[in-house]
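These notes concern the structure reproduced below.
Nothing fancy with the numbering, it's 1 onward along the sequence.
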Amino acid sequence: MSRVVLITGATSGFGKECARIFAKNGDKIIICGRRAERLEELKNELVNSDVATLSFDVCDKDSIFEHINSLGEPYKNIDILINSAGLALGLGLAPDALLDDWERMIDTNIKGLLYVTKAVLPVMVRRKSGYIFNLGSIAGSWPYKGGNVYGASKAFVEQFSYNLRTDLEGMNIRVSNIEPGAAKTEFSDVRFKGKTDQADKVYDGYEPLVAKDIANLIFTLSNLPSHVNVNSLEVMPTAQTWAGLHVCKK
Ligand code: NDP
Ligand code: 8X3
(Lines give C-alpha, C1' and ligand atoms only; values in the text may rest on other atoms or scores of the structure.)
(Ligands and ions follow the chains in the order given, each with its own letter.)
Protein backbone atom coordinates (compact mmCIF):
# COMPACT_ATOMS: atom_id res chain seq x y z
CA MET A 1 0.00 0.00 0.00
CA SER A 2 1.23 3.49 -0.84
CA ARG A 3 2.57 5.48 2.12
CA VAL A 4 3.22 9.18 2.65
CA VAL A 5 6.90 9.84 3.37
CA LEU A 6 8.28 13.23 4.47
CA ILE A 7 12.03 13.51 3.89
CA THR A 8 14.21 16.37 5.13
CA GLY A 9 17.61 16.88 3.51
CA ALA A 10 16.14 15.63 0.22
CA THR A 11 18.24 17.95 -1.95
CA SER A 12 21.36 15.83 -1.49
CA GLY A 13 22.92 12.64 -0.15
CA PHE A 14 20.89 10.16 1.89
CA GLY A 15 17.67 12.18 1.73
CA LYS A 16 17.78 12.46 -2.06
CA GLU A 17 18.36 8.72 -2.52
CA CYS A 18 15.57 7.95 -0.03
CA ALA A 19 13.28 10.15 -2.14
CA ARG A 20 14.19 8.18 -5.25
CA ILE A 21 13.70 4.71 -3.78
CA PHE A 22 10.44 5.44 -1.94
CA ALA A 23 8.96 7.29 -4.94
CA LYS A 24 9.95 4.61 -7.42
CA ASN A 25 8.29 2.01 -5.23
CA GLY A 26 4.97 3.83 -5.33
CA ASP A 27 5.04 5.86 -2.10
CA LYS A 28 3.96 9.50 -2.03
CA ILE A 29 6.86 11.68 -1.01
CA ILE A 30 7.24 15.16 0.45
CA ILE A 31 10.74 16.37 -0.25
CA CYS A 32 12.21 19.14 1.90
CA GLY A 33 15.34 21.28 1.82
CA ARG A 34 16.39 24.91 1.53
CA ARG A 35 17.46 24.71 -2.13
CA ALA A 36 14.10 24.98 -3.86
CA GLU A 37 15.60 24.61 -7.34
CA ARG A 38 17.03 21.20 -6.40
CA LEU A 39 13.65 20.13 -5.06
CA GLU A 40 12.05 21.08 -8.39
CA GLU A 41 14.76 19.17 -10.32
CA LEU A 42 14.11 16.06 -8.24
CA LYS A 43 10.37 16.44 -8.67
CA ASN A 44 10.85 16.63 -12.45
CA GLU A 45 13.07 13.55 -12.37
CA LEU A 46 10.37 11.64 -10.47
CA VAL A 47 7.66 12.81 -12.84
CA ASN A 48 5.75 9.51 -12.66
CA SER A 49 5.46 9.62 -8.87
CA ASP A 50 3.43 11.67 -6.38
CA VAL A 51 5.86 14.31 -5.15
CA ALA A 52 5.24 17.45 -3.07
CA THR A 53 7.99 19.94 -2.31
CA LEU A 54 8.43 22.01 0.86
CA SER A 55 11.27 24.48 0.98
CA PHE A 56 12.20 25.51 4.51
CA ASP A 57 15.20 25.89 6.78
CA VAL A 58 15.04 23.39 9.66
CA CYS A 59 16.43 26.12 11.92
CA ASP A 60 13.31 28.23 11.31
CA LYS A 61 10.76 26.84 13.75
CA ASP A 62 7.75 28.87 12.59
CA SER A 63 8.39 28.14 8.93
CA ILE A 64 8.56 24.39 9.59
CA PHE A 65 5.20 24.31 11.35
CA GLU A 66 3.59 26.53 8.69
CA HIS A 67 4.84 24.34 5.85
CA ILE A 68 3.99 21.00 7.41
CA ASN A 69 0.59 22.17 8.65
CA SER A 70 -0.19 23.48 5.15
CA LEU A 71 -0.10 19.97 3.66
CA GLY A 72 -3.44 18.90 2.22
CA GLU A 73 -4.64 15.68 0.59
CA PRO A 74 -3.05 13.35 -0.36
CA TYR A 75 0.02 14.32 1.65
CA LYS A 76 -1.20 15.31 5.10
CA ASN A 77 -1.34 11.84 6.69
CA ILE A 78 2.39 11.30 7.00
CA ASP A 79 3.29 7.64 7.59
CA ILE A 80 7.07 7.93 7.54
CA LEU A 81 9.39 10.76 8.57
CA ILE A 82 13.04 10.64 7.52
CA ASN A 83 15.05 13.25 9.41
CA SER A 84 18.12 13.48 7.18
CA ALA A 85 18.83 17.25 7.19
CA GLY A 86 22.07 17.82 9.05
CA LEU A 87 25.68 18.84 8.74
CA ALA A 88 29.15 18.94 10.18
CA LEU A 89 31.09 22.20 10.05
CA GLY A 90 34.84 22.13 10.48
CA LEU A 91 37.19 19.53 11.89
CA GLY A 92 39.12 21.81 14.22
CA LEU A 93 40.02 20.77 17.74
CA ALA A 94 37.84 22.33 20.43
CA PRO A 95 40.19 25.22 21.27
CA ASP A 96 40.35 26.29 17.60
CA ALA A 97 36.85 25.41 16.40
CA LEU A 98 34.49 28.29 15.63
CA LEU A 99 31.67 28.91 18.04
CA ASP A 100 29.46 29.89 15.09
CA ASP A 101 30.02 26.44 13.58
CA TRP A 102 29.14 24.77 16.87
CA GLU A 103 25.95 26.80 17.13
CA ARG A 104 24.90 25.98 13.57
CA MET A 105 25.41 22.26 14.14
CA ILE A 106 23.33 22.41 17.31
CA ASP A 107 20.62 24.48 15.59
CA THR A 108 20.44 22.13 12.60
CA ASN A 109 21.20 18.64 13.90
CA ILE A 110 19.48 18.95 17.25
CA LYS A 111 16.93 21.75 17.23
CA GLY A 112 15.98 21.33 13.57
CA LEU A 113 15.37 17.62 14.01
CA LEU A 114 13.28 18.32 17.12
CA TYR A 115 11.11 20.95 15.38
CA VAL A 116 10.36 18.73 12.38
CA THR A 117 9.61 15.76 14.60
CA LYS A 118 7.28 17.83 16.79
CA ALA A 119 5.47 19.13 13.70
CA VAL A 120 4.90 15.63 12.31
CA LEU A 121 4.09 13.76 15.54
CA PRO A 122 0.44 14.87 15.99
CA VAL A 123 -0.72 13.13 12.82
CA MET A 124 1.11 9.93 13.74
CA VAL A 125 -0.25 9.95 17.27
CA ARG A 126 -3.80 10.64 16.05
CA ARG A 127 -3.62 7.80 13.56
CA LYS A 128 -1.70 5.50 15.94
CA SER A 129 0.71 4.68 13.17
CA GLY A 130 4.09 5.90 11.97
CA TYR A 131 7.79 5.34 11.48
CA ILE A 132 10.48 7.93 12.26
CA PHE A 133 14.00 7.50 10.92
CA ASN A 134 16.64 9.76 12.46
CA LEU A 135 20.05 10.15 10.86
CA GLY A 136 22.49 9.74 13.70
CA SER A 137 26.08 8.79 12.98
CA ILE A 138 28.90 6.58 14.16
CA ALA A 139 30.24 9.93 15.43
CA GLY A 140 27.52 9.80 18.11
CA SER A 141 29.16 6.71 19.64
CA TRP A 142 32.82 6.86 18.64
CA PRO A 143 34.85 9.99 19.43
CA TYR A 144 37.45 11.26 17.00
CA LYS A 145 39.64 14.36 16.98
CA GLY A 146 37.70 17.33 15.68
CA GLY A 147 34.38 15.52 16.06
CA ASN A 148 33.57 17.54 19.21
CA VAL A 149 30.14 19.16 18.71
CA TYR A 150 29.18 17.20 15.58
CA GLY A 151 29.60 13.90 17.46
CA ALA A 152 27.82 15.30 20.49
CA SER A 153 24.88 16.42 18.35
CA LYS A 154 24.59 12.87 16.98
CA ALA A 155 24.78 11.41 20.49
CA PHE A 156 21.80 13.64 21.23
CA VAL A 157 19.98 12.23 18.22
CA GLU A 158 20.63 8.68 19.41
CA GLN A 159 19.36 9.25 22.94
CA PHE A 160 16.43 11.33 21.74
CA SER A 161 15.45 8.50 19.39
CA TYR A 162 15.35 6.03 22.29
CA ASN A 163 13.52 8.41 24.60
CA LEU A 164 11.04 9.30 21.88
CA ARG A 165 10.32 5.65 21.28
CA THR A 166 9.80 5.18 24.99
CA ASP A 167 7.34 8.09 25.15
CA LEU A 168 5.45 6.67 22.19
CA GLU A 169 4.86 3.30 23.82
CA GLY A 170 1.51 1.81 22.83
CA MET A 171 1.06 4.21 19.90
CA ASN A 172 2.36 1.89 17.18
CA ILE A 173 5.03 4.39 16.11
CA ARG A 174 8.45 3.00 15.30
CA VAL A 175 11.70 4.95 15.71
CA SER A 176 15.08 3.94 14.30
CA ASN A 177 18.39 5.73 14.74
CA ILE A 178 20.48 5.13 11.63
CA GLU A 179 24.20 5.48 12.29
CA PRO A 180 26.30 5.52 9.12
CA GLY A 181 30.06 5.71 8.94
CA ALA A 182 31.98 7.38 6.11
CA ALA A 183 29.65 7.96 3.16
CA LYS A 184 30.53 9.95 0.06
CA THR A 185 27.85 12.59 -0.27
CA GLU A 186 28.15 16.38 -0.08
CA PHE A 187 28.77 15.96 3.66
CA SER A 188 32.54 16.61 3.53
CA ASP A 189 32.17 19.46 0.98
CA VAL A 190 29.97 21.14 3.57
CA ARG A 191 32.25 20.23 6.48
CA PHE A 192 35.28 21.72 4.71
CA LYS A 193 33.27 24.68 3.42
CA GLY A 194 33.73 24.03 -0.28
CA LYS A 195 37.39 22.98 -0.15
CA THR A 196 36.79 20.00 -2.42
CA ASP A 197 40.39 18.74 -2.37
CA GLN A 198 40.16 18.34 1.42
CA ALA A 199 36.72 16.77 1.10
CA ASP A 200 37.85 14.29 -1.58
CA LYS A 201 40.76 13.15 0.59
CA VAL A 202 38.30 11.78 3.16
CA TYR A 203 37.22 9.13 0.63
CA ASP A 204 40.58 8.48 -1.07
CA GLY A 205 42.03 4.97 -1.18
CA TYR A 206 39.02 2.88 -0.10
CA GLU A 207 35.42 2.27 -1.03
CA PRO A 208 33.19 4.46 1.14
CA LEU A 209 29.46 4.01 1.60
CA VAL A 210 27.28 5.81 -0.93
CA ALA A 211 23.91 7.38 -0.29
CA LYS A 212 22.10 4.52 -2.02
CA ASP A 213 23.47 2.03 0.55
CA ILE A 214 21.78 3.91 3.38
CA ALA A 215 18.59 4.64 1.43
CA ASN A 216 18.22 0.93 0.59
CA LEU A 217 18.58 0.03 4.27
CA ILE A 218 16.02 2.61 5.35
CA PHE A 219 13.61 1.38 2.70
CA THR A 220 14.13 -2.23 3.83
CA LEU A 221 13.47 -1.32 7.48
CA SER A 222 10.32 0.55 6.46
CA ASN A 223 8.99 -2.70 4.98
CA LEU A 224 9.55 -4.88 8.04
CA PRO A 225 6.37 -6.08 9.76
CA SER A 226 4.93 -3.36 12.01
CA HIS A 227 5.66 -5.34 15.20
CA VAL A 228 9.42 -5.14 14.49
CA ASN A 229 11.38 -2.06 15.66
CA VAL A 230 15.07 -1.78 14.84
CA ASN A 231 16.26 0.64 17.52
CA SER A 232 19.59 1.49 15.95
CA LEU A 233 21.53 0.47 12.90
CA GLU A 234 25.26 1.16 12.73
CA VAL A 235 26.68 0.78 9.23
CA MET A 236 30.26 1.30 8.08
CA PRO A 237 32.18 0.76 4.89
CA THR A 238 33.95 -2.60 5.14
CA ALA A 239 37.24 -0.70 5.00
CA GLN A 240 36.40 1.36 8.11
CA THR A 241 37.01 0.01 11.62
CA TRP A 242 37.71 1.48 15.05
CA ALA A 243 40.81 3.46 15.95
CA GLY A 244 41.39 1.91 19.37
CA LEU A 245 42.15 3.76 22.60
CA HIS A 246 44.94 6.30 22.57
CA VAL A 247 47.58 7.10 25.19
CA CYS A 248 49.51 10.37 25.05
CA LYS A 249 52.99 9.34 26.21
CA LYS A 250 55.54 11.73 27.71
P1 NDP B 1 24.56 16.13 2.38
O2 NDP B 1 25.39 17.32 2.65
O3 NDP B 1 24.73 15.44 1.08
O4 NDP B 1 23.01 16.48 2.58
C5 NDP B 1 22.60 17.24 3.68
C6 NDP B 1 21.17 17.67 3.50
O7 NDP B 1 20.76 18.40 4.66
C8 NDP B 1 20.94 18.57 2.30
O9 NDP B 1 19.81 18.12 1.59
C10 NDP B 1 20.66 19.94 2.91
O11 NDP B 1 19.68 20.63 2.14
C12 NDP B 1 20.05 19.54 4.27
N13 NDP B 1 20.21 20.62 5.24
C14 NDP B 1 21.35 21.04 5.84
N15 NDP B 1 21.11 22.12 6.61
C16 NDP B 1 19.77 22.38 6.50
C17 NDP B 1 18.92 23.37 7.03
N18 NDP B 1 19.37 24.32 7.87
N19 NDP B 1 17.61 23.35 6.68
C20 NDP B 1 17.14 22.41 5.84
N21 NDP B 1 17.89 21.42 5.30
C22 NDP B 1 19.20 21.44 5.62
O23 NDP B 1 24.87 15.11 3.58
P24 NDP B 1 24.38 13.60 3.89
O25 NDP B 1 23.26 13.20 3.03
O26 NDP B 1 25.59 12.78 3.96
O27 NDP B 1 23.87 13.82 5.38
C28 NDP B 1 22.53 13.55 5.77
C29 NDP B 1 22.54 13.26 7.25
O30 NDP B 1 23.31 12.10 7.51
C31 NDP B 1 23.12 14.37 8.11
O32 NDP B 1 22.33 14.47 9.27
C33 NDP B 1 24.52 13.86 8.44
O34 NDP B 1 24.98 14.38 9.64
C35 NDP B 1 24.27 12.38 8.51
N36 NDP B 1 25.42 11.51 8.31
C37 NDP B 1 26.23 11.64 7.20
C38 NDP B 1 27.30 10.77 7.04
C39 NDP B 1 28.24 10.85 5.90
O40 NDP B 1 29.39 10.38 6.03
N41 NDP B 1 27.86 11.40 4.76
C42 NDP B 1 27.55 9.68 8.00
C43 NDP B 1 26.65 9.68 9.13
C44 NDP B 1 25.62 10.53 9.25
P45 NDP B 1 19.75 22.18 1.73
O46 NDP B 1 21.20 22.60 1.77
O47 NDP B 1 19.14 22.24 0.36
O48 NDP B 1 18.91 22.86 2.75
C1 8X3 C 1 29.58 11.33 9.43
C2 8X3 C 1 30.55 10.23 9.69
O3 8X3 C 1 32.77 9.69 10.77
O4 8X3 C 1 32.66 11.63 9.32
O5 8X3 C 1 28.62 11.38 10.43
O6 8X3 C 1 31.66 11.68 11.50
S7 8X3 C 1 31.96 10.84 10.36
What I'd like to find out is whether the side chain of [X] reaches to under 4.5 Å of the side chain of [Y], using heavy atoms alone.
X      : Y      : answer
Arg165 : Asn229 : yes
Thr220 : Ile218 : no
Phe133 : Asn177 : no
Asp197 : Asp200 : no
Leu91  : Tyr144 : yes
Glu207 : Thr238 : no

- prompt: Can you check side chain to side chain contact (heavy atoms under 4.5 Å, CB included) on Lys24 and Leu46, steps first, answer last?
  reply: CA-CA 8 Å; Lys24 285 178 184 161; Leu46 301 171; 4.0 Å; yes
N/O donor-acceptor pair under 3.5 Å between [X] side chain and [Y] backbone:
X      : Y      : value
Ser153 : Met105 : no
Gln240 : Ala182 : yes
Asp213 : Val210 : yes
Thr8   : Ser84  : yes
Asp189 : Thr196 : no
Ser55  : Arg34  : yes
Tyr131 : Ile173 : no
Arg3   : Ile29  : no
Asn69  : Phe65  : yes
Asn172 : Lys128 : yes

If you group Ile, Leu, Val, Met, Phe, Trp and Tyr by side-chain heavy-atom gaps below 4.5 Å, do [X] and [Y] land in one group?
X      : Y      : result
Val228 : Val235 : yes
Val58  : Ile68  : yes
Leu54  : Val4   : yes
Leu81  : Leu217 : no
Val149 : Leu99  : yes

- request: Take Asn77 and Asp79, measure what side-chain hydrogen bond (donor to acceptor under 3.5 Å, both in side chains) needs, and give me the verdict at the end.
  value: CA-CA 6 Å; Asn77 287 332; Asp79 297 293; over 6 Å; no
Heavy-atom closest contact ([X] atom, [Y] atom, distance):
X      : Y      : value
Leu39  : Gly33  : CD1-O, 3.7 Å
Pro180 : Ile214 : CB-CD1, 3.8 Å
Glu179 : Ser232 : OE2-CB, 3.2 Å
Gly26  : Ser2   : O-OG, 3.2 Å
Val51  : Tyr75  : N-OH, 3.1 Å
Ser161 : Val175 : O-CG1, 3.6 Å

Side-chain donor-acceptor pairs of residues 111-126 under 3.5 Å, sequence neighbours excluded:
unit_1, atom_1, unit_2, atom_2, d
Thr117, OG1, Asn83, ND2, 3.0
Thr117, OG1, Leu113, O, 2.6

Just how far is it from atom [atom1] of [X] to atom [atom2] of [Y], taken to the nearest 0.5 Å?
X      : Y      : atom1 : atom2 : result
Leu221 : Ile178 : CG    : CD1   : 5.0 Å
Tyr203 : Leu209 : OH    : CG    : 9.5 Å
Leu93  : Lys145 : CG    : NZ    : 6.5 Å
Glu158 : Ser141 : CD    : OG    : 4.5 Å
Leu42  : Asn44  : CG    : CG    : 9.0 Å
Asn148 : Trp102 : CG    : CH2   : 5.0 Å

Under 3.5 Å, sequence neighbours excluded: what are the donor-acceptor pairs made by side chains of residues 12-19?
unit_1, atom_1, unit_2, atom_2, d
Ser12, OG, Glu186, OE1, 3.4
Glu17, OE2, Arg20, NH1, 2.7

message: Under 6.0 Å between ring centres: does that hold for Tyr150 and Phe187?
response: yes
- request: Determine, using ring centers only, whether Tyr162 and Phe160 are less than 6.0 Å apart.
  value: no
Aromatic ring pairing Trp142/Trp242, orientation class (parallel under 30°, perpendicular over 60°, tilted between):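 Plane angle over 60°, so perpendicular.
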- prompt: Hey, mind stepping through Leu224 and Val230 against side chain to side chain contact (heavy atoms under 4.5 Å, CB included) and telling me if it holds?
  reply: CA-CA 9 Å; Leu224 292 177; Val230 174; 3.9 Å; yes
More than 12 foreign heavy atoms under 6.0 Å from [atom1] of [X]: is that the case here?
X      : atom1 : result
Arg104 : CZ    : no
Lys193 : NZ    : yes
Glu169 : CD    : no

- prompt: Is it true that Lys184 and Asp204 have a side-chain N and a carboxylate O under 4.0 angstrom from each other?
  reply: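 Asp204 and Lys184: not salt-bridged.
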task: List the steps, then state whether side-chain hydrogen bond (donor to acceptor under 3.5 Å, both in side chains) holds for Arg174 with Asn231.
output: CA-CA 8 Å; Arg174 290 181 279 176; Asn231 300 330; over 6 Å; no
- request: Go through the steps to decide whether Phe219 and Ile82 satisfy the test side chain to side chain contact (heavy atoms under 4.5 Å, CB included), and finish with yes or no.
  value: CA-CA 10 Å; Phe219 185 71; Ile82 303 174; over 6 Å; no
- prompt: When you look at Thr241 and Met236, which way does the side chain to side chain contact (heavy atoms under 4.5 Å, CB included) test go after all the steps?
  reply: CA-CA 8 Å; Thr241 60; Met236 292 184 192; 5.8 Å; no
- line: Paired with Cys32, the side chain to side chain contact (heavy atoms under 4.5 Å, CB included) test is passed by just one of Asp57, Leu6, Ile64, Ile7, namely Leu6
